[in-house]
Amino acid sequence: MPSTHVPTVMKAAVMHQLREISIEEIPVPQIKSDEVLIKVMAVGICGSDLHYYDHGRIGPYIVEGSFILGHECAGEIVDIGDDVHTLRIGDRVAIEPGVTCGVCEMCKAGRYNLCPNVEFLATPPYDGAFVQYLKIRQDFAFLIPDHLSYEEAALVEPFSVGIHAAARSKLQPGSTIAIMGMGPVGLMAVAAAKAYGASKIIVTDLEPLRLDAAKKMGATHVINVLEQDAIEAIQTITNGVGVDTAWETAGSPKALQAALGSLRRGGKLAIVGLPAQAEIPINIPFIADNEVDIYGVFRYANTYPKGIEFLSSGQIDASVLVTDKYPLEQTYEAMERALNHKSECLKVVVYPNA
Ligand SMILES: [Zn+2]
Ligand SMILES: [Zn+2]
C-alpha cells in the first residue's frame, strides 16, 4: 500500500509554559528504516503528564522550552520503514512509550525499564503523543485485536505498571493482596492482581467513585480510609493474619505505612507510587522481625503482550475507567479537567484524529 495519504504537516498540542497549551502545526516525523509511523487515535492523560503540566519537572527531568505531553497511546500504522517485516500499514497497535538501547547491561538482562539510554515519550527532552502522527521503533508497537478499542489499548500502559508490580513481588495464584490508592494506576493494578489469580483483592482510597470503579476491576473488598482504619480493616478481612502482598500506588506516606502494617509475616511490599518527600518514617523492626521483602517498581518491562492478551480476553472491561473524552483541539481543557476534578474523573482521554 502506498503511504501517499500521510500529510507532511500535522496538529500538535504544545505546552510553552506551565498550564498553557496551544494547538500548532508541526512537520509529520520522518521514519527510519526500523520505525513505523502511527496515526495516533487515543492518548490517556497520566499523573506524570499532569505533574509536568503543573510543576514543569519530575525529579531530575525538567521541561525546557516547548514540550509535548502524553505517553499512554495507541493508533493505526500508516507507514513502515524498509526493515519492518512483522507489521503492516493498517495494523492497529498499542504503543510502548519507552524506546531502549538494546545493548546495555540492563537491556541485555531483560530489565530494559532500567536502561540508562531510554527515550521515553513525554519525559524531557523527548516529546510525547499529543500529536496526530507519531513514530516509534518497530519493536515498541504491539498488534491489538479488532475488538480491543484504542482507549483500552492506551490503558495497557498503566496496566503494565501493575503487571510489573505483580512480577516483581512474585504474586501467586490464590494469594491475598492489599492495594493502596485507586487512581488509574491503582485501578489497573487491581486488574493485574486479578489476572495473576489473587483470591482476595483489598483496596483503599477516600473517593467513592474510585472505590466503585475498583469493584468493577475486580476488587473483592474496598476500604474507605475516611471511614475505617486500613490496617484494622485488613486484619479483620484476613482473620488477623494480614495480606501476603501489599502495593502502594498513591505516593502517600500514610498509605505506605498502612501497606507495610497490613502484611502477614514474610509478606511482600511493592512501592509503586512516589511520595512528594524523599524520606518518610517507616517501621524498621516490623520489616526485620517479619522478614518483609520490599520491591521498588519502575515502569515495566516485557508486559505489553501479556497486557494486551488479558484486556482482550474480556475478563475485565477497562473502558469503564474512561470518564472523559476530548479532541486534540481541547487538550488544554482535558488537562485542566484531569488536574482540577480528580474526584469526578478517572481516565481522561484525548483523541488526536477524532
Ligand atoms: Zn502513565
Ligand atoms: Zn539499554
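Residue numbers start at 1 and run along the sequence shown. We count ligands from 1, going down the list as the structure has it; atoms in each ligand are counted the same way.
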Exercise. In this structure, which one of Leu256, Val297, Ile271, Thr204 forms a side-chain contact (heavy atoms from CB on, under 4.5 Å) with Glu248?
Worked result: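 When side-chain contact (heavy atoms from CB on, under 4.5 Å) is applied between Glu248 and each of Leu256, Val297, Ile271, Thr204, only Leu256 qualifies.
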
Exercise. Side chain of Arg137, backbone of Thr100: donor and acceptor closer than 3.5 Å?
Worked result: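 Side chain of Arg137 to backbone of Thr100: a pair is present.
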
Exercise. Relative to Tyr326, does Arg337 satisfy both conditions: NZ or CZ under 6.0 angstrom from the six-membered ring centre, and within 45 degrees of the ring's axis?
Worked result: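 No.
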
Exercise. Looking at side-chain heavy atoms only, is the closest gap between Glu76 and Val93 below 4.5 Å?
Worked result: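 Side chain of Glu76 against side chain of Val93, heavy atoms only: no contact under 4.5 Å found.
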
Exercise. Around the Zn ion (ligand 1), how many protein N/O/S atoms fall inside 2.8 Å?
Worked result: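 Protein N, O or S neighbours of the Zn ion (ligand 1) under 2.8 Å, waters not counted, come to 4.
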
Problem set entry | Sphere of radius 2.8 Å around the Zn ion (ligand 2) - protein N, O or S atoms inside |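 Result, waters dropped: Cys101 SG, Cys104 SG, Cys107 SG, Cys115 SG.
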
Exercise. So, Lys347 and Glu151, do they make that salt bridge, N to O below 4.0 Å?
Worked result: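 Result for this pair is no, no salt bridge flagged.
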
For this session: Kindly write out the residues that satisfy side-chain hydrogen bond (donor to acceptor under 3.5 Å, both in side chains) with Arg111, not counting sequence neighbours, or none if the list is empty.
Result: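 For Arg111, no residue satisfies side-chain hydrogen bond (donor to acceptor under 3.5 Å, both in side chains) once neighbours in sequence are set aside.
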
For this session: Decide if atom CZ of Arg19 counts as having more than 12 heavy atoms of other residues, nucleotides or ligands within a radius under 6.0 Å.
Result: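 Check passes, neighbour count above 12.
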
Exercise. By side-chain contact (heavy atoms from CB on, under 4.5 Å), which residues pair with Glu309, not counting sequence neighbours?
Worked result: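 Checked Glu309 against side-chain contact (heavy atoms from CB on, under 4.5 Å); zero matches.
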
Exercise. Only one of His164, Lys170, Arg168 forms a side chain to side chain donor-acceptor pair (under 3.5 Å) with Tyr295, so which one is it?
Worked result: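 Single side chain to side chain donor-acceptor pair (under 3.5 Å) partner of Tyr295 among His164, Lys170, Arg168: Lys170.
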
